[in-house]
Amino acid sequence: MSVQLSEQEQFRRQSLAAMRDLGINPYPPEEVEVTHYAADTKDSFKEENAGEWKEVKLAGRIMSKRIMGKASFAELKDHTGVIQAYFNRDELCPGEDKTLYNEVFKKLIDRGDFVWIKGFVFKTQVGETSIHVEEFKVLSKSLKPLPFPKTDDSGKVHDAFTDPEQRYRQRYVDLVVNDGVKETFVKRTKVMNTMRQFFNDAGYLEVETPILQPIPGGASARPFVTHHNALNIPLYLRIANELYLKRLIVGGFDGVYEFAKDFRNEGMDRTHNPEFTVMEIYVAYKDYNWMMEFTESLLERLAKEVNGSSSLKVGDNEISFKAPYRRLTMIDAIKEYAGVDISGMGVEELRKVCDDLGIENDDSMGKGKLIDEIFGEKCEGNLIQPTFITDYPIEMSPLCKRHRDNPELTERFELIINGKEIANAYTELNDPIDQRERFEEQLKLSEKGDDEAMFIDHDFLRALEYGMPPTSGMGIGIDRLVMLLTNNASIQEVLFFPQMRPEIKKGPELSENEKLVFDLLSAKETMDLSELKAAANLSNKQWDKAMKGLTKNSLAKVEKTDAGLTVSKV
RNA sequence: GAUUCAGUAGCUCAGCUGGUAGAGCAACGCCCUUUUAAGGCGUGGGUCCUGGGUUCGAGCCCCAGCUGAAUCACCA
């Protein structure tokens, strides 16, 4: 049984057939010549130079039609924007036969159809730059009606297509209909292109490393598992690419970077999607101080390239991306925002600090975790302007080198902007013995039941034993960076196709109750309604539903006679 | 995972104390040769998210479920 078409979909199929009857192919195969785009044409056209605009050819989607008898206006949308087109009956159809205008344009072309137009540019009496159409051609017929948001004089949008579920599931419609959505994604690409340019100019090499990994390393997270048939082994979708990029530094590259899709089998919310994009870069012979300078100049450049300015309004906050950024150790940050000096404190003291500050904690939490909690709870949200938080406790950073002045700390920084973490970087741990010990610490944690502790990657340790030069590495969450730079609060707004639960297909088949009634009826062809109802022995509601279903599908018919109501099979 | 809110025409939304399902836009028909949220007249269009229950009667009340969003928890 086919899915029921809405009335509007049926009309569009009729138009499609009518086009074919007129000898018009609604899906022609050949290419069309396009000489101009909507936005340029609108921006550049001047009436003084009308002579230069005598013949323009554009292609795009019809977004609206305003028919006024023998003349009409339509809006044509291409990838650059929207331009108005003017269709005049007697110019399109100079002879007796007005079919092209009266039938094809007025009736058979619908909102959403792709067309090609040829004509000249002019300004209407109201001053709107428009294309005076001399020829047009159908390029592709649209069978489903698009939503129709409209903007009034005051800029207010009416009937916007807003339901987030529909917008994400049918992003193609969202992109066609909601201005601004496309812009977000263009900016996203600009962010990545700018970063590439920045790294390439510095002489670093873009690389690709495995997504299917036998050991999911480089971060703490639950991985997706899959299975390789030929090898008969489990493989994991990567949760990070850090350990592979470091192997390449061991191999002698000076600087490598990768835009990586990572996968984590965890919850979804407005800042988490199961697959997401991270850029990681590793540069030999550098430390985290160098990396801070590198990062801040990158961010300043990104803000300028993407938004044309080094400052940006995000929510209520005006953020300046102009380098240099404030640098604050984690201990100083806690001193400043929580009012507590935790330097030198042990587990017990830290736990007391948490209690005093009203931060939840339990016995399983070690020193590092407690400090991290205090920071996350009391400091992070206050850091609006770009700030490097440095020198994290060692327990939290098993791949990071010990701090040169304090063995309890690591040479790590995170860049916090608008209260959120944007980048994370280390002076990388290149001491293979220290690294092995740190992995063993992780193993102990995992034996204690910490299911996020890292696996030991023996091949990575072997690589380090051959020698890795001093290196600094940095990772940026691209999705969150794009959220920041485009002022979007949800990760779903910066992913074309965010993960959703699968749609459930509704079957148009007869329900159990409908079948029951239909079978009873089939035996006798015609029955008294109350008799049939009694025979069916259904509740009122079920009976009502079943009968409505049958009459709707034209399988049964209810007739009123003098004797009462009778039901007959159709 | 918890709580709250939402789901009604293609889109945006009304729907009173439980009593025949509504509007604007879109669609369809007619009129209209520089309009622009075009306009005028007319017409059609519904699985009220799904399944139960209560009731003479449910879009509305009750229970369960589905989907989405927000907040929280968890998680880099």
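These figures come from a predicted structure and were not determined experimentally. Worth knowing before you read on, the calculation uses all heavy atoms, side chains too, and leaves out hydrogens, waters and symmetry mates. Numbers restart at 1 for each chain; the letters A, B, ... are given by sequence-line order, proteins then strands.
The side-chain contact (heavy atoms from CB on, under 4.5 Å) check on A:Glu91 picks up A:Asn88, A:His132, with sequence neighbours excluded. Residues satisfying the ring-ring contact (aromatic ring centres under 6.0 Å, His included) test with A:Phe136, not counting sequence neighbours, are A:Phe87. Residues satisfying the salt bridge (Lys or Arg N to Asp or Glu O under 4.0 Å) test with A:Lys77, not counting sequence neighbours, are A:Asp179. Applying the salt bridge (Lys or Arg N to Asp or Glu O under 4.0 Å) test to A:Asp391 and every residue at least two apart in sequence or in another chain returns nothing. Here A:Glu128 pairs with nothing under the salt bridge (Lys or Arg N to Asp or Glu O under 4.0 Å) rule; sequence neighbours left out. Under the salt bridge (Lys or Arg N to Asp or Glu O under 4.0 Å) criterion, A:Arg438 pairs with A:Asp434, sequence neighbours left out.
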remark   = Under a 4.0 Å heavy-atom criterion, the protein footprint on nucleotides 1-14 of chain B, written with B, S and -, is ---------BBS--

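Using C1' as the reference atom, B:C61 and B:U17 are 12 Å apart when rounded to the nearest Å. As rounded to the nearest Å, B:G68 and B:A26 have C1' atoms that lie 25 Å from one another. The C1' atoms of B:G57 and B:A6 are separated by 27 Å, rounded to the nearest whole Å. Taking the C1' atoms as reference points, B:A38 lies 11 Å from B:U34, given to the whole Å. Rounded to the nearest Å, the gap between the P atom of B:U67 and that of B:U43 is 42 Å. If you take atom P in B:C30 and the same atom in B:C48, they sit 33 Å apart, rounded to whole Å. Comparing the same atom, P, in B:C13 and in B:U54 gives a spacing of 35 Å after rounding to whole Å. Across the C1' atoms, B:G24 and B:A14 are found 11 Å apart, a figure rounded to whole Å.
For the pair A:Lys369 and A:Arg111, nearest-nucleotide mapping onto RNA chain B gives the more 5' position to A:Arg111. Nearest-nucleotide assignment on RNA chain B puts the 5′-proximal partner with A:Gln125, out of A:Asp152 and A:Gln125.
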Side-chain donor-acceptor pairs of residues 273-280 of chain A under 3.5 Å, sequence neighbours excluded:
from, atom 1, to, atom 2, distance (Å)
A:Asn273, OD1, A:Gln499, N, 3.1
A:Asn273, ND2, A:Glu275, O, 2.9
A:Glu275, OE1, A:Lys261, NZ, 2.8
A:Thr277, OG1, A:Arg188, NH2, 3.4
A:Glu280, OE1, A:Tyr282, OH, 2.6

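Within residues 386-393 of chain A, no residue has any heavy atom under 4.0 Å from RNA chain B.
Minimum atom distance to the side chain of A:Ser130 is reached by B:U35, of the listed B:U35, B:C30, B:C75. For A:Glu165, the side-chain atoms get nearest to B:U67 when compared with the rest of B:U67, B:A76, B:U35. Taking only side-chain atoms of A:Val126, from C-beta outward, the nucleotide of B:U67, B:U35, B:A76 with the closest atom is B:U35. In the set B:A37, B:A69, B:U36, B:A69 carries the atom at the smallest distance from any side-chain atom of A:Pro164.
Taking atom CD1 of residue A:Ile476 and atom C1' of nucleotide B:A76, one finds them 15 Å apart after rounding to whole Å. Between A:Asp269 atom CG and B:C74 atom C1' the separation is 10 Å, expressed in whole Å. Between the CD atom of A:Glu275 and the P atom of B:C75 there is a distance of 23 Å, rounded to whole Å. In this structure, A:Glu493 places its CD atom 14 Å from C1' of B:A70, rounding to the nearest Å. Residue A:Glu373 contributes atom CD, which lies 10 Å from atom P of B:A73 at whole-angstrom precision. If you take CD of A:Glu75 and C1' of B:A38, they are 11 Å apart, rounded to a whole angstrom. Atom NE2 of A:His272 is separated from atom C1' of B:A73 by 12 Å (rounded to the nearest Å). What separates CD of A:Glu421 from C1' of B:A76 is a distance of 6 Å, to the nearest Å.
Nucleic acid contact class of A:Asp153 (heavy atoms, under 4.0 Å, all strands): sugar-phosphate only. Across all strands, A:Phe11 comes closer than 4.0 Å only to sugar-phosphate atoms, never to a base (heavy-atom distances). Within the nucleic acid shown, A:Arg169 comes within 4.0 Å of sugar-phosphate atoms alone, with no base atom in reach, counting heavy atoms only. A:Arg412 comes within contact range of at least one nucleobase, with a heavy-atom separation under 4.0 Å.
Using the Watson-Crick or G-U wobble rule with both distances under 3.5 Å, B:C5 pairs with B:G68. Base pairing of B:C13 is made with B:G22, judged by Watson-Crick or G-U wobble geometry with both donor-acceptor distances under 3.5 Å. When both pairing distances are held under 3.5 Å, B:U43 makes a Watson-Crick or G-U pair with B:A27. In a base pair of the Watson-Crick type (N1 to N3 plus N6-O4 or O6-N4) or a G-U wobble (N1-O2 and O6-N3), with each distance short of 3.5 Å, B:U33 is matched with no nucleotide. In this structure, B:U55 forms no base pair with any nucleotide, since neither Watson-Crick nor G-U wobble geometry is met with both distances under 3.5 Å.
The aromatic rings of A:Tyr101 and A:Phe105 lie parallel to each other, with less than 30° between the two planes, well short of the 60° mark.
Taking the side chain as every heavy atom from C-beta outward, A:Leu415 and A:Asn424 never approach each other to under 4.5 Å.
The shortest distance between the side-chain N/O atoms of A:Arg66 and the OP1/OP2 oxygens of B:U35 is not below 4.0 Å. The phosphate of B:A69 (OP1 or OP2) has a side-chain N or O of A:Gln492 nearer than 4.0 angstrom. Contact between the side-chain N/O atoms of A:Lys150 and the OP1/OP2 oxygens of B:A26 is found at a separation under 4.0 Å. An OP1 or OP2 oxygen of B:U35 is reached within less than 4.0 angstrom by no side-chain nitrogen or oxygen of A:Gln84.
With a 6.0 Å cutoff to the six-membered ring centre and a 45° limit on the axis angle, A:Arg412 does not count as a cation-pi contact of A:Tyr426. A:Phe148 carries A:Arg111 over the face of its six-membered ring, with the cationic atom under 6.0 Å from the centre and within 45° of the normal.
Ion pairing of A:Lys65 with A:Asp110 is absent here, as no side-chain N (NZ or NE/NH1/NH2) approaches a carboxylate O to less than 4.0 Å.
Under the salt bridge (Lys or Arg N to Asp or Glu O under 4.0 Å) criterion, no residue pair touches residues 372-381 of chain A, with sequence neighbours excluded. Residue pairs meeting the salt bridge (Lys or Arg N to Asp or Glu O under 4.0 Å) criterion with at least one member in residues 146-164 of chain A: none, sequence neighbours excluded.
Of all non-hydrogen atoms in A:Ser64 and A:Glu75, the two that sit nearest each other are OG-OE1, 2.7 Å.
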Every protein N/O within reach of nucleotides 31-33 of chain B N/O, cut-off under 3.5 Å:
from, atom 1, to, atom 2, distance (Å)
B:C32, N3, A:Ile67, O, 3.4
B:C32, N3, A:Gly69, N, 3.2
B:C32, N4, A:Gly69, N, 3.4
B:U33, OP2, A:Lys70, N, 3.1
B:U33, O2, A:Asn88, ND2, 2.8
B:U33, O4, A:Asp90, OD2, 2.5

